[in-house]
Amino acid sequence: MPKFPRFILGVSVAASVLLVLPSIAQAQKTKKPAASTTKTLDQRLDELIAQMTLEEKIGQLNQYTGDAATGPAVTDNNKLSQIQKGQVGSMLNVKGAARTRALQAEALKSRLKIPLLFGLDVIHGYQTTFPIPLGEAASWDLAAIRQSAHIAAREAAAAGQHWTFAPMVDIARDPRWGRVMEGAGEDPYLGSQIAKARVLGFQGEQLGGTDAVMACAKHFAAYGAAIAGRDYNAVDMSERALWEVYLPPFKAAADAGAATFMNSFNELNGIPATGNSYLQRDILKGQWNFQGFVVSDWGSIGEMIAHGYAKDNKEAALEAITAGSDMDMESRSYGPNLPALVREGKVPEALINDAVRRILRKKFELGLFDDPYRFSNEKREKQVLADPQSRAIARDVARKSIVLLKNDNNVLPLSKQAKTVAVIGPLGQSKTQHLGFWNVSTDSTQVVSLYEGLQNKLGKTAKLLYAKGCGITGDSQAGFADAVKTAQQADVVVMAVGEARDMSGEAKSRAEIYLPGQQEELIKAIVQTGKPVVVLIMAGRPLIFNWTADHAPAILYTWWLGSEAGNAMADVLVGDYNPAGKLPMSFPRSLGQIPIFYAAKSTGRPSANDKDTNYRSAYLDMPNSPRYAFGYGLSYTTFDYSGLTLSTKQLKKADKLTVSFTLTNKGKYAGEEVAQLYLRDVVGSVTRPVKELKDFQKVMLKPGESKTITFTLDQDKLAFYNPSMKWTTEPGEFRLMIGSAASDIRLEDKFELVD
Ligand code: NOJ
């Protein structure tokens, strides 16, 4: 997990990548470059680039790390002088208004006074930490997701940042891959909607607003399909899978105006993404007409040597710039090699001009040439980071992210009669773990633990007990006896189990994704007391917990929920908030089922049900179905679907199909349902998945209330890539399914697309 050293008086004291700066007072005296208001942006760019030497242009393509390493660290004691000479265009991992201001002053000592761009991994919050992105995706609440990204941007922009390396829009279908925590799950449609919401949230009304930062859609492309879920592994993928599954969220991010893209560590069908012209030039900058710039991933240009694609850094630089990687994050390949490559005629200067223009354009759009310090305002930083409203929103997003997996005999919400509540498990009093892998700036003491959340909620009416039981990992059951004794004294037990925050994330792939250590054994011991037990699972990925799924009466999947974790969980536990989250990834029963996803193909011998194995596409020892399907999640109430109506059964190609039905809340609690629309194109010139999510709506209903829900399907929703990879529709039958989960279809009909 990224580790930031403590900052003392604006100077970092504990990093190998340490940068020693002049005092802040000194920095503030530095003169700003003159602002110009009358010229167009292109004129300003032309003028500036015309003044730049080749070395100065290449300097803009270099990005160095500052006070922390979020990749293999490079030792460089000479960074400051390179910044002063204009040999660095951007810094990552420099935090805070004062610190960025001081460093900016150094860049302004350069001949052309070109300001630095500051970038940081603000993945799910800057100071106010929101749920991990996979958790937020479980809210299926696009407005909430957009708002959370916007608050993250507002805080980051007040603390000197211009740019976040988010959203990660990689589709992921293998929960062994640690980075599933950072994306929106397995589905291209949901993933695209969320990609758009996050880009719009980060970038606000307009780039240049002091409440907005540049977004960065990453990792381009197909990083989520690493073989066997092992991070950084090769990707071998059909053109069809690339276009149908992995590219759509990137396209959505580009269409939403993402200012930047980051390429990826993986090779794609033999060519590293960083050196891949097809991805970066043909698709992104060509077909999609992307006008922003592409940053490499940390060291990924140099890593083309280890991939076996370049013989040395010079060749790696040649491959990367040719393929369209504009900025070199920390591989130190561009600075030392591009000047010679241009002089030798191997790299046309036009390529350098294009890259530098893309980067400078963003600096202009951010307003940095008019005021290089406009994001480094300590007063605003203080105010924005102290805004209590952000915590309130974080709590709301956190409770929206929780998924109710099981609730036998309505154990939940907790009965108001419960006078003694036992919190048991290694995550019961934890604060730090809720911050997830990418905590940027949250002091863990500010995080609300589950125990504290329950204390806040029940402190006056019930007695809270606590026993840890065991560690998150490790073999010891020494705490079991105490945990059992504690459970026996309680009316109800709330168990807090899961992963530590450094078990899912970058380079955190796991071959075994069971509940780690002795935790499932602890659950067994507690369930055997006969007390009502609610299990809360806190993790960065889908885990396997079959015994718990079979025997625990109630299960909530809470991911890592961020600053307000405990309050959000308490809201759900006592029923002040009715859970409405739905899984954005299938949860396997067994490692052997991975990769597992709902939008699978039928095969020629589909298994009619989980038991049909006779010459069928099935496992002898395991059902095909997941433990919990994509889109699944319960509520304290129940919803009834009825009255499906299609505007036509014979849809003409030029027309739209209107689909409506009635959704009714049949239970006692007000609640939200995410109604999901799936399609199957029954026969095609290319086989289509058995189900594809095409739309959804999240609807709030009071007890007994009904609403008519309407979806409109245009031709785009019926289209696919034909055998010539042309995006088109074909006449024929479609199955339309409306449901509460991919595994829980409530209404079904057919229609025909006609010429
Ligand atoms: C490597 C990660 O893959 C990327 O997502 C991140 O933005 C960079 N490191 C910078 O920390």
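In listed order, ligands and their atoms are each counted from 1.
Y246 has its ring centre no less than 6.0 Å from the ring centre of Y223. Checked against the 6.0 Å centroid criterion, the rings of F261 and F290 qualify as a close aromatic pair. Annotation: H124 is not in aromatic contact with F130 [ring centroid separation under 6.0 Å not met]. Centroid-to-centroid, the aromatic rings of W140 and Y189 stay 6.0 Å apart or farther.
Closest protein heavy atom to atom 4 (C) of ligand 1: D297 OD1, 3.3 Å. Of all protein heavy atoms, the one lying nearest to atom 10 (C) of ligand 1 is D121 OD2, 3.2 Å.
Using a 4.0 Å cut-off between heavy atoms, L92 contacts ligand 1 through its side chain alone, with no backbone atom that close. Contact annotation for M168 and ligand 1: no heavy atom of the residue comes within less than 4.0 Å of the ligand.
Close N/O approach between W298 and ligand 1 is not found [any backbone or side-chain N/O within under 3.5 Å]. Considering both main-chain and side-chain atoms, W438 never comes within under 3.5 Å of ligand 1 through any nitrogen or oxygen pair. Residue Y223 has no nitrogen or oxygen atom sitting less than 3.5 Å from a nitrogen or oxygen atom of ligand 1, judged on distance alone.
The only option from N313, D312, V347 that meets the side chain to side chain contact (heavy atoms under 4.5 Å, CB included) definition with L318 turns out to be V347.
E499 and S504 share a side-chain donor-acceptor pair at under 3.5 Å. Using a 3.5 Å distance cut-off with no hydrogens or angles, the side chains of S331 and E303 do not pair a donor with an acceptor.
Here is the list of ligand 1 atoms found below 4.0 Å of a heavy atom in E506: 1 (C), 2 (C), 3 (O), 9 (N). Which parts of ligand 1 touch F165 is read off a 4.0 Å heavy-atom cut-off, strictly below it: atoms 7 (O). Against a heavy-atom cut-off of under 4.0 Å, K218 is close to the following atoms of ligand 1: 4 (C), 5 (O), 6 (C), 7 (O). Numbered from 1 in the order shown, with element, the atoms of ligand 1 that lie under 4.0 Å from a heavy atom of R179 read 2 (C), 3 (O), 4 (C), 5 (O). Close approach of ligand 1 to M262 (heavy-atom distance below 4.0 Å) involves ligand atoms 4 (C), 7 (O).
Of the possible donor and acceptor atoms, one in the side chain of H150 sits under 3.5 Å from a partner among the backbone N and O of G201.
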